[in-house]
**Q** 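Quick one: the structure is below, questions incoming.
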Amino acid sequence: MSSLQSILTPISSQSNDLIEYSSGSIPVPSKELNLRRTVLGGQSFRWFEESENEFIGIVQHFLIRLKHNNDDLHYVFYTNETFSKINEEKVDCSKFLENYFQFSIRISDLIEKWSKVDQRFQNEQIPSGIRLLAQEPLENLISFICSSNNNVQRITKMIQLLCQQYGTLIGTLNNIDYYQFPTIEQLDRNDLEDNLRKLQFGYRARYIQHAVRYLKNETNDSNYFDRLKNLSVKDARVELRKILGIGRKVADCILLMSLGKQNVVPVDTHIHSIAVTHYGHEKKRQLTAGNYDDISTFFEQLWQPLAGWAQAAAFSNELRDEKTSRTKLNKKRRSEEKIDRCLSVQCKKRQRSSK
DNA sequence: CCCTTACCTAGGCT
DNA sequence: AAGCCTAGGTAAG
């Protein structure tokens with residue numbers, strides 16, 4: 001029995017063909033990783049806190065459980081038999097996490113640099129350990145189309161529904177089904193928009209349908225996202241903004257979080273207000289294009305060359321914690337019932353059409 | 001360029 | 001209790 005088995009809570013049930021793929025631990029000093037804020041802070045919407053300080057998330061075809069204590073990041077990877085048969089070569093899960101969390105970048109070095117030019121990084125006014133995750137571009141793009149006029153909780157729910165509806169099942173753990181993020185092909189359906197509207201995506205349903213169509217056509221020639229990675233930030237941003245529903249801010253999030261442009265500073269309402277209250281920017285009623293550019297450029301130059309990492313830390317500090325009230329839980333339940341009805345209708349439809 | 005307005009939805013507040 | 005506001009914005013005029 002490995003040591004992490006005793007550290008992570010035992011699994012009550014496994015079913016389907018879910019298998020434990022790999023487990024181990026990586027030495028990570030606590031200053032280098034604030035796991036909760038990194039995975040739940042609104043970068044990715046695929047992580048959940050399953051118990052105190054224990055997190056479970058889906059990355060590509062892996063279900064990953066993580067716990068960080070005593071300067072060690074303990075992990076267990078799960079996947080299904082189908083995947084492990086298809087890919088004979090064993091994935092090095094430590095390397096996988098090192099890549100996902102970008103551990104080659106040392107936050108303490110960054111904070112030392114930022115502190116010299118920015119007082120707010122001294123005295124821990126901005127917390128240490130917020131890392132930028134290296135995410136999958138498609139998932140990142142769709143997720144941030146969903147983020148407009150929205151909150152982390154609802155975005156998480158929407159992405160979960162999207163994966164349930166269109167993604168491939170990885171397996172079941174503790175009676176919960178986990179799905180991969182769908183591929184373009186899985187999303188490319190005529191009724192995508194209608195269906196997403198039923199799932200309460202609102203006006204974002206149209207944007208997603210459009211984005212899928214666009215990417216389907218774009219990726220025919222070569223790999224669209226790889227092409228963007230090799231463009232300059234400016235050019236890649238222009239490309240991304242051709243997609244309906246992707247404006248400057250969402251484009252910048254994608255550039256930063258999944259296309260490796262780590263000096264980009266997305267300016268949202270929080271960063272905007274930080275710029276006004278702490279860095280002497282003029283207060284404007286709303287974020288205009290010119291204003292956005294001023295603020296973004298200001299921070300890029302102040303925090304370079306990894307300004308996006310500083311932004312992630314500063315942003316995380318502004319997000320307020322969730323409170324759970326009774327009314328909130330009731331509303332949540334009603335909403336879930338509504339979605340359940342919708343799902344069961346679709347389930348019946350599928351059964352009929354498969355006969 | 002800047003400014004408005006509409007857009008879906010859920011949760012919190014009054 | 002119904003109505004307003006906001007939540008990591010964007011498009012269209």
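Within every chain, numbering begins at 1; the chains are lettered A, B, ... in the order of the sequence lines, protein sequences first and strands thereafter. We use all heavy atoms of the structure for the numbers below, so side chains are in, but hydrogens, waters and symmetry mates are not. Fair warning: this is a prediction, and the values are worked out from it, not measured in the lab.
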**Q** Under the criterion side chain to side chain contact (heavy atoms under 4.5 Å, CB included), which of Ile142(A), Ile58(A), Asn140(A) is the partner of Phe181(A)?
**A** Ile142(A)
**Q** Give every residue pair that meets the side-chain hydrogen bond (donor to acceptor under 3.5 Å, both in side chains) criterion with at least one member in residues 201-213 of chain A, sequence neighbours excluded.
**A** Ser148(A)-Tyr203(A), Asp188(A)-Arg213(A), Asn190(A)-Arg213(A)
**Q** What is the distance, rounded to the nearest whole Å, between atom CD1 of Ile145(A) and atom P of dC7(B)?
**A** 20 Å
**Q** Atom CD1 of Ile159(A) to atom P of dG8(C): distance rounded to whole Å?
**A** 15 Å
**Q** Which residue pairs satisfy the salt bridge (Lys or Arg N to Asp or Glu O under 4.0 Å) criterion with at least one member in residues 25-35 of chain A, sequence neighbours excluded?
**A** Lys31(A)-Glu124(A), Glu32(A)-Arg131(A)
**Q** Rounded to the nearest angstrom, tell me the gap between atom CZ in Phe144(A) and atom P in dG9(C).
**A** 10 Å
**Q** Using the side-chain heavy atoms of Ser148(A), tell me which of these nucleotides is nearest: dC8(B), dG9(C), dG11(B).
**A** dG9(C)
**Q** Please report the distance separating the C1' of dA10(B) from the corresponding atom of dA11(C), rounded so that it comes out in whole Å.
**A** 23 Å
**Q** Could you work out the separation of dA6(B) and dC4(C) based on their P atoms and round it to a whole Å?
**A** 14 Å
**Q** Would you jot down, in residue-number order, the residues of residues 280-300 of chain A having a non-hydrogen atom under 4.0 Å from DNA chain B?
**A** Arg285(A), Gln286(A), Thr288(A), Ala289(A), Gly290(A)
**Q** What integer number of Å spans the C1' atoms of dA7(C) and dC3(B)?
**A** 22 Å
**Q** Hey, what are the protein-to-nucleotides 11-13 of chain C N/O distances that come in under 3.5 Å?
**A**
unit_1: dA11(C); atom_1: OP1; unit_2: Gly245(A); atom_2: N; d: 3.0

**Q** When the P atoms of dT4(B) and dG8(C) are considered, how many whole Å apart are they?
**A** 23 Å
**Q** Please give, in whole Å, the distance from dC8(B) P to Lys198(A) NZ?
**A** 16 Å
**Q** In chain order, what residues pass the side chain to side chain contact (heavy atoms under 4.5 Å, CB included) check against Ser232(A), with sequence neighbours excluded?
**A** Lys234(A), Asp235(A)
**Q** Taking only residues two or more places apart in sequence, or in another chain, which ones meet Thr82(A) in a side chain to side chain contact (heavy atoms under 4.5 Å, CB included)?
**A** Asp17(A), Asn80(A), Ile86(A)
**Q** Which residue pairs pass the side-chain hydrogen bond (donor to acceptor under 3.5 Å, both in side chains) test when at least one of the two sits in residues 240-251 of chain A, sequence neighbours left out?
**A** Glu239(A)-Lys242(A), Arg248(A)-Asp252(A), Arg248(A)-Asp293(A)
**Q** In whole angstroms, how far is the P atom of dC8(B) from the OH atom of Tyr203(A)?
**A** 9 Å
**Q** Give DNA chain C the dot-bracket treatment, 5' to 3': Watson-Crick (N1-N3 with N6-O4 or O6-N4) or G-U (N1-O2, O6-N3) under 3.5 Å, [ ] crossing, | other strand.
**A** .||||||.|||||
**Q** Could you check how far CG of Leu199(A) sits from C1' of dT9(B), rounded to whole Å?
**A** 13 Å
**Q** With rounding to the closest Å, how many angstrom separate the P atoms on dT10(C) and dC2(B)?
**A** 16 Å
**Q** Only counting residues at least two apart or in another chain, list the ones meeting side chain to side chain contact (heavy atoms under 4.5 Å, CB included) with Gln60(A).
**A** Phe96(A), Glu136(A)
**Q** Do the ring planes of Phe299(A) and His281(A) sit parallel (below 30°), tilted (30 to 60°) or perpendicular (above 60°)?
**A** parallel
**Q** What pairs with Asn53(A) under side chain to side chain donor-acceptor pair (under 3.5 Å), at least two apart in sequence or on another chain?
**A** Arg36(A)
**Q** Please identify each residue that fulfils side chain to side chain donor-acceptor pair (under 3.5 Å) with Thr297(A), with sequence neighbours left out.
**A** none
**Q** If you take atom types as modelled and just measure distance, does the side chain of Lys249(A) reach the base of dG9(C) with a donor-acceptor pair under 3.5 Å?
**A** no
**Q** Roughly, in whole Å, what's the span from CG in Leu196(A) to C1' in dC8(B)?
**A** 12 Å
**Q** Rounded to whole angstroms, how far apart are CD1 on Ile155(A) and C1' on dC8(B)?
**A** 13 Å
**Q** Any pair with a residue in residues 87-105 of chain A that passes salt bridge (Lys or Arg N to Asp or Glu O under 4.0 Å), sequence neighbours left out, goes on the list, sorted by first then second residue, please.
**A** Asp92(A)-Lys95(A)
**Q** For the residue pair Tyr21(A) and Phe62(A), does the interplanar ring angle fall in the parallel (under 30°), tilted (30 to 60°) or perpendicular (over 60°) class?
**A** tilted
